S.K.: 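Sharing a structure, written as structure tokens. Questions coming.
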Amino acid sequence: MTALTLSTSGAATLRADALVIGIAKGPKGPVVTSGAEAVDKAFDGKLASVLETLGATGAEGEVTKVPALSGLKTPVVLAVGLGPVPEKDDVWAAETLRRAAGAAARALTGTKKAGFALPVESVEDAEAIAEGALLGAYNFTAYQEDKGDTKQPLAEIALLGAKPRDKAFKAAAERAIALAEEINRARDLVNTPPNDLYPESFAAVAQAAAKEHGLKIQILDEKALVKGNYGGILGVGAGSAHGPRLVKISYTHSKAEKSLAYIGKGITYDSGGISLKPAGHNETMKCDMAGAAAVFAAVVAVARLGLKVNVTGWLALAENMPSGTATRPGDVLRMYSGKTVEVLNTDAEGRLVLADALARASEENPDAIVDVATLTGAMMMALGNRTFGIMGNDESFRTAIHEIAEEVGEQSWPMPLPAELRKGMASETADIANMGERMGGGLVAGLFLQEFVGEDIAWAHLDIAGPAFHEAAPFGYTPKGGTGSSIRTLVKLAERTADGDLG
Ligand code: BES
Ligand code: MN
Ligand code: ZN
């Protein structure tokens, strides 16, 4: 993992392999942003025009490298574009800084040490830059024999412009490091191929982390799931050679006044089951445990930050495979809650494992429940590849999560749960079917989940099917593959709850 330190050096005196500075898009060409004054001086005040000669404009995400002149202790200056000059001088949105730092870190893959001299006007700015740089410095190379130097993430980040001895700056750096490490770990889990990451091996990773961070963990294996009547999780896992698991991982604080339950969909591979997905729709289905990875990462991050709130993570782990023992379309499952579900499509499996976890988590009466799932293709149709949908039974809670997501730089949108869609799930033989109308499929899935949430518990459902796995070219701090979507939102929600900011 990439190291990050707050440096006392100035931009001109730091010894490193590269120095990152910001440029903005001004009305008459690129302008150098604050933090890089000493660098500009080393270029005789002509840095902006040198960059412009090389084709730089200051557009967001643009990266331009220049050999450094005398006066600097780094051989290369890397200018990253921040986009148009903000209306208020040098007051940059946190997400702009995060993305710029991420783009710079990505462009420095294979480099050992880089100084970041981006505009820092506040603790929040420093935190955003640290977060973006650490998230951008990520590559998944575990399965490549020949990694060379070319794919090694930037190894060392020296953040300039922060006050290294100031408590608030130190805390911000520590928070950024803990958060980014856990997000990168979740990305690794999502990217790990499904022949190596299956319910049992995922549970073992959680167990090791629990031990390391002093968390309580309980792992229900197949036998325990049978004994506990977890019909949903067992039904989905029935076709696989790798049995399902339900993992409960808990962080508690002795002075906590509130408790949260986070539930993650953990389908380690979604073939569709007997309702098999066609080729072209199954190649990336290792990502179907991204919700469980996010919940796991968030609980560990909350523990590392020592927040004054209790958070229990529930990882509903199963592999959805077709076989002679698999659940068939037409089967009826008796769920943990006692309700019966007619499985009309075995590819609508996420809601089945989540239903058991929702009912089980509700028994402990948390103040709120949030589930996170790569649940429906329909949500991707509605919101695209970068935005997750938020549904729930409590409008103010749903709004709070949307605002928190916005604040941490995660794109999301509130979605309704229209009651009239419930009748599409009416079943001839069971209490409910696992499928309904095609139109509004993401909302239908949300309505199904709602049936398994305990009465009077605030609940929100995040459908991260779009943003969990990034198939297009990397941008900002977002790599190809697993992204770690929703972790920053979950951690911020825990912080807000710990601070007593939420009802
Ligand atoms: N895991 C998929 C949803 C998904 C699709 C996630 C693409 C990420 C990318 C989910 O289990 C699924 O198959 N959903 C079906 C539900 C349908 C059968 C009611 C879908 O969305 O098509
Ligand atoms: Mn499916
Ligand atoms: Zn799925």
Side-chain angles (χ1 to χ4, degrees), residues 190-191 194 197-199 202 232-233 235-240 244 263-294 315-322 326-330 341-357 371-389 391 415 421-422 424-425 427 432-449 461-472 480-483 485-486:
V190 173
N191 291 331
L197 194 88
Y198 40 88
F202 193 151
I233 296 173
V236 173
S240 172
I263 297 174
K265 170 179 174 182
I267 302 300
T268 56
Y269 184 70
D270 182 12
S271 73
I274 298 292
S275 315
L276 195 62
K277 285 182 189 292
H281 292 265
N282 52 24
E283 294 81 356
T284 59
M285 277 305 136
K286 65 176 182 182
C287 80
D288 215 18
M289 36 57 72
L315 318 179
L317 308 176
E319 186 183 48
N320 188 22
M321 294 291 273
T327 295
R328 316 154 188 79
V341 177
E342 184 181 11
V343 179
L344 291 179
N345 189 324
T346 62
D347 199 11
E349 83 297 339
R351 63 198 74 182
L352 298 172
V353 299
L354 290 171
D356 277 1
D371 78 70
V372 186
T374 47
L375 205 59
T376 65
M379 196 55 60
M380 303 172 76
M381 287 289 185
L383 297 177
N385 288 323
R386 294 189 185 182
T387 304
F388 61 80
M391 285 142 274
M415 301 295 272
L421 290 177
R422 169 63 177 85
M425 291 185 283
S427 161
I432 189 170
N434 76 331
M435 254 193 44
E437 290 173 36
R438 197 169 80 83
M439 295 297 167
L443 320 180
V444 171
L447 278 166
F448 180 93
L449 297 179
H461 157 56
L462 315 186
D463 190 337
I464 61 167
F469 197 80
H470 186 63
E471 291 187 63
K480 253 184 183 278
T483 60
S485 172
S486 82

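Read the numbers this way: they start at 1 and go in the same order the structure lists the ligands and their atoms. For clarity, every value in this text was computed on a predicted model and none was experimentally measured.
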S.K.: What I'd like to find out is whether the side chain of I274 reaches to under 4.5 Å of the side chain of P329, using heavy atoms alone.
M.R.: yes
S.K.: Any side-chain heavy-atom pair from L344 and N434 closer than 4.5 angstrom?
M.R.: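 L344 reaches N434 side chain to side chain.
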S.K.: Which N/O/S atom belongs to E349 and is the closest one to the Zn ion (ligand 3)?
M.R.: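 The Zn ion (ligand 3) is closest to the E349 atom OE2, counting only N, O or S.
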S.K.: Within the stated cut-off of 2.8 Å, is an N/O/S atom of D347 closer than that to the Zn ion (ligand 3)?
M.R.: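 So D347 does not bind the Zn ion (ligand 3) by this criterion.
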S.K.: Is the shortest heavy-atom distance from the side chain of I432 to the side chain of R422 under 4.5 Å?
M.R.: yes
S.K.: I'd like to know whether ligand 1 has M379 as a neighbour, heavy-atom separation below 4.0 Å.
M.R.: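 Checking ligand 1 against M379, which is what was asked, there is no heavy-atom contact under 4.0 Å.
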S.K.: Less than 4.5 Å apart, side chain to side chain, heavy atoms only: is that true for E283 and E471?
M.R.: no
S.K.: Atom 5 (C) of ligand 1: which of E437, R351, M285 has the nearest heavy atom?
M.R.: M285
S.K.: Looking at ligand 1, does any of its N/O atoms fall within less than 3.5 Å of an N/O of M380?
M.R.: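 No.
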S.K.: Can you name the N/O/S atom of D270 that is nearest the Mn ion (ligand 2)?
M.R.: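 Nearest N/O/S atom: OD2.
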S.K.: At less than 4.0 angstrom from any non-hydrogen atom of E349, what atoms of ligand 1 do you find?
M.R.: 11 (O)
S.K.: To 10°, measure the O(D347)-the Mn ion (ligand 2)-OE1(E349) angle for me.
M.R.: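 Rounding to the nearest 10 degrees gives 70°.
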S.K.: Measure from atom 10 (C) of ligand 1 to every heavy atom in T376, V444, L375, T284 and give the option owning the shortest one.
M.R.: L375
S.K.: Side chain of T346, backbone of S275: donor and acceptor closer than 3.5 Å?
M.R.: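 Side chain of T346 to backbone of S275, a donor-acceptor pair under 3.5 Å: yes, one is there.
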S.K.: Look at atom CG of N282 and say whether more than 12 heavy atoms of other residues, nucleotides or ligands are closer to it than 6.0 Å.
M.R.: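 Yes, CG of N282 has more than 12 neighbouring heavy atoms, counting only those of other groups under 6.0 Å.
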S.K.: State, with a plain yes or no, whether a side-chain heavy atom of E437 is found less than 4.5 Å away from one of L421.
M.R.: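 The answer is yes; the side chains approach within 4.5 Å.
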S.K.: Kindly indicate whether the side chain of T327, heavy atoms from C-beta on, has any atom under 4.5 Å from the side chain of L352.
M.R.: no
S.K.: Suppose we only allow N, O or S atoms; which atom of D270 ends up nearest to the Zn ion (ligand 3)?
M.R.: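 Minimum-distance N/O/S atom of D270 relative to the Zn ion (ligand 3) is OD2.
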S.K.: So, does T483 use its side chain to make a donor-acceptor pair with the main chain of H470 at under 3.5 Å?
M.R.: no
S.K.: Tell me, which protein residue and heavy-atom name are nearest atom 18 (C) of ligand 1, and how many Å apart are they?
M.R.: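 Nearest protein contact, heavy atoms only, for atom 18 (C) of ligand 1 is N345 ND2, 3.5 Å.
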S.K.: Assess whether side-chain hydrogen bond (donor to acceptor under 3.5 Å, both in side chains) is satisfied between T374 and D288, documenting all intermediate values.
M.R.: CA-CA 6 Å; T374 47; D288 215 18; 2.4 Å; yes
S.K.: Which ligand 1 atoms are under 4.0 Å away from a heavy-atom of K265?
M.R.: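 This gives 1 (N), 10 (C), 11 (O) as the contact atoms.
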S.K.: At what distance is the nearest protein heavy atom to atom 20 (C) of ligand 1, and which residue and atom is it?
M.R.: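 Of the protein heavy atoms, G377 N, 3.8 Å lies nearest.
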S.K.: Do me a favour and list the nearest non-hydrogen protein atom to atom 2 (C) of ligand 1 with residue, atom name and distance?
M.R.: D270 OD2, 3.6 Å
S.K.: State, yes or no, whether a side-chain contact exists between M289 and L315 at a heavy-atom distance under 4.5 Å.
M.R.: no
S.K.: Quick one: does R438 get within less than 4.0 Å of ligand 1, heavy atoms only?
M.R.: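 No, R438 has no heavy atoms under 4.0 Å from ligand 1.
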S.K.: Among all protein heavy atoms, pick out the one at the shortest distance from atom 15 (C) of ligand 1; state its residue, atom name and that distance to 0.1 Å.
M.R.: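 Here the closest protein heavy atom is D347 O, 4.0 Å.
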S.K.: State, to the nearest 10 degrees, the angle whose vertex is the Zn ion (ligand 3) and whose arms point to OD2 of D288 and NZ of K265.
M.R.: 90°
